[in-house]
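Worksheet: one structure, shown below.
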Amino acid sequence: MRLFDEHIDREVTSLNGIWHFCTDPHDEGKEKDYATSLPDQATAVTVPGVWNTQLGLLRYEGVAWYEKRFFTKGGTLRFVFGAVMTEAEVYLDGKPLGSHYGGFCQFDLIAREVTPGHHVLTVRVDNRFDAHSIPQKKVDWYHYGGITRDVSVERLEGICALYQRFEYTLSKDLKQATAHMVIELYNAADKKTKSRVRVLLSEREIFAENISLKAGESTMLTTPDFTVNEVHLWDVSDPHLYRVAVLTDTDDLYDRVGLRLVEAKEGKIFLNHREIELLGINRHEEHPDWGMAFPLGLMGRDLDIVRDMGCNTLRGSHYPNSRVFLDMLDQQGILFWSEIPIWGCGFAPETLADPVVIARGLEMHREMVHHYYNHPAIILWGMHNEIRTDLPESLEMSKQYYTYLKEQGGNRLVTFAANRYLDCICLEYCDVISINKYTGWYGLCADYHADWLEFLEKFRQKRVELGMEHKPVIMGEFGAAGIYGHHTFDNVKGTEEYQAELIADCLETFHADPMIKGTYVWQFSDIRTCPEMGTDRARGYNNKGVINEYRKPKAAYFAVRNAYRRFAKENEK
Ligand code: ADA
């Protein structure tokens with residue numbers, strides 16, 4: 001689902017709704033041919049959804065099967081899955097159609113020569129972990145499983161446009177852009193087919209050519225460069241979007257793009273040549289009643305809260321968020337940091353150096369760039385979070401991801417969230433240095449304000465020694481837990497007051513520090529976490545949200561709001 005119609009001519013049918021479902025704790029479904037028909041005990045569930053919110057299945061980790069009957073007029077069908085957590089094997093009428101690994105990205109599968117009538121789509125979902133899993137089993141969020149985002153089936157006719165990427169560079173004065181489109185065309189027909197292919201930018205034809213493809217053939221095509229004059233920039237205060245379209249004789253594909261320039265230089269971050277302070281917060285796309293199948297209405301509500309708090313940016317910690325959420329950010333001018341779920345503390349040194357894991361992570365970056373490229377809201381790509389960047393094992397991974405994201409990621413800054421600071425050896429592989437640090441929460445400290453100042457001074461020197469003063473520094477995570485409704489007369493850890501005071505102090509300290517160009521408070525809402533996090537997580541939740549899991553504000557919410565609204569005013573001057 002997107003916030004606009006991606007297709008007007010193409011026939012798209014949503015497969016959201018009631019599916020049949022059963023768990024397969026002994027992993028015998030393949031042997032017993034569940035792909036053809038689920039066993040009698042299968043129940044009805046809603047897709048998108050996670051199975052963990054069904055009573056009795058909160059802790060279920062393993063294989064489960066989903067089945068949907070649908071009607072089609074037949075032909076070439078494209079099944080689009082918004083996300084399946086974590087591994088999906090898809091079958092059509094009992095026969096394997098394809099598979100996908102990774103819980104947070106869209107994938108699609110094509111079936112040809114489908115007969116008119118009723119058919120059965122079956123998905124085997126597996127959310128177990130192994131040595132090559134990304135993330136690894138230990139993460140600070142919940143191990144949900146299921147078909148977590150929308151599913152649809154499209155009927156493809158003739159030559160179709162499967163993908164479009166809008167690549168551009170702006171002139172120095174930002175008034176003009178040189179652009180081209182990269183498009184993927186596919187012939188869905190069962191014979192060689194010819195079509196006129198037209199590419200439009202805001203209804204203006206910028207490319208037209210006759211293309212001929214054999215049955216089932218696909219091709220990537222790059223249009224010649226064209227010029228966009230009098231560019232209407234995309235910006236936080238005026239998030240202007242242009243409509244782009246690829247039209248063929250039988251098919252269409254629409255998207256929205258925004259033109260803006262993001263730069264990191266002289267230790268600062270610039271958006272459209274204007275220095276910007278990132279006033280942000282980390283957000284998981286999670287809710288106790290919906291898991292990671294986050295409903296659209298709640299996304300809008302979360303964004304209202306984010307805006308009320310005065311944030312101009314969010315970090316999608318720790319994985320690519322729903323594309324429809326990105327559409328909202330594009331539309332509302334909220335900047336975004338998008339990353340893949342390499343969550344460090346679960347990654348042993350041998351896992352970091354494992355070529356299979358490195359390649360899988362690279363594939364995840366490829367998918368993220370592929371699907372999210374056109375979103376102007378994304379200004380930061382995050383390579384990984386809190387891995388052991390003090391070890392040489394992290395170098396190869398960081399180098400490969402940085403190189404890829406710089407070459408293919410468009411006009412974005414690359415970062416990683418570091419919790420090794422003074423001994424980090426990977427800082428050459430980022431444009432923006434991000435620091436995750438929980439002074440005042442983990443460990444004992446008599447005076448967190450003084451400790452922060454001391455740390456920042458040390459880091460400032462380290463940055464000079466490394467000759468990296470040109471790289472801006474942002475605080476990627478900091479904060480403290482505050483149990484909603486917990487108050488005492490003394491300012492002790494775990495109360496709303498302690499959390500609010502610590503965050504307020506951090507925000508003032510960071511805002512006043514000329515080295516720091518942005519802050520991402522940890523975190524937006526309390527989130528359910530996994531058992532591996534142990535007793536350190538009261539209620540089974542990470543309680544560092546400034547609102548609780550049901551979106552009720554804590555004292556910290558108002559602390560952030562006071563600070564961010566004031567900083568935004570100061571920055572306007
Ligand atoms: C880390 C991590 C977060 C969360 C946080 C915390 O920095 O990146 O996901 O676990 O710590 O609450 O301790």
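We count ligands from 1, going down the list as the structure has it; atoms in each ligand are counted the same way. What you see below is based on every heavy atom in this structure, not just the backbone, and it leaves out hydrogens, waters and symmetry mates.
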Ile483 backbone acceptor or donor facing Arg539 side chain under 3.5 Å: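 No; judged by distance alone, with no hydrogens or angles, the pair does not exist.
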Report, as yes or no, whether the 6.0 Å neighbourhood of atom [atom1] on [X] holds more than 12 heavy atoms from other residues, nucleotides or ligands.
X: Lys399; atom1: NZ; answer: no
X: Arg301; atom1: CZ; answer: no
X: Lys552; atom1: NZ; answer: no

Under 4.0 Å, heavy-atom basis, I'd like to know which part of [X] is in contact with ligand 1: side chain, backbone, both or neither.
X: Asn542; value: side chain
X: Glu386; value: side chain
X: Trp343; value: side chain
X: Arg315; value: neither

With a 4.0 Å cut-off on heavy atoms, is His284 touching ligand 1?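 Contact absent.
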Please report the C-alpha distance between Lys138 and Phe347 in whole Å, then the side-chain angles of each, then the deciding distance to 0.1 Å, and finally whether the side-chain contact (heavy atoms from CB on, under 4.5 Å) criterion is met. CA-CA 8 Å; Lys138 183 165 183 188; Phe347 276 73; over 6 Å; no
Please could you name the atoms of ligand 1 that [X] approaches to less than 4.0 Å, counting only its heavy atoms?
X: Asp140; answer: 4 (C), 6 (C), 10 (O), 12 (O)
X: Asn385; answer: 2 (C), 8 (O)
X: Asn436; answer: 7 (O), 8 (O)
X: Arg537; answer: 6 (C), 10 (O), 12 (O), 13 (O)

With Gln106, which of Arg323, Arg149, His100 fulfils side-chain contact (heavy atoms from CB on, under 4.5 Å)?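 Considering Arg323, Arg149, His100, a side-chain contact (heavy atoms from CB on, under 4.5 Å) with Gln106 is found only for Arg323.
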Give me the nearest non-hydrogen protein atom to [atom] as residue plus atom name, then the distance to 0.1 Å.
atom: atom 13 (O) of ligand 1; answer: Tyr442 OH, 2.4 Å
atom: atom 5 (C) of ligand 1; answer: Tyr438 OH, 3.3 Å
atom: atom 12 (O) of ligand 1; answer: Lys544 NZ, 2.5 Å
atom: atom 1 (C) of ligand 1; answer: Glu477 OE1, 3.0 Å
atom: atom 9 (O) of ligand 1; answer: His318 NE2, 2.6 Å

Does Gln461 reach the side chain of Val464, with side-chain heavy atoms less than 4.5 Å apart? no
Heavy-atom closest pair, residues Leu261 and Asn411: CA-OD1, 3.3 Å
Measure across Trp337 and Gly382 and return the closest heavy-atom pair with its distance rounded to 0.1 Å.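 Shortest heavy-atom separation between Trp337 and Gly382 comes out as NE1-CA, 3.6 Å.
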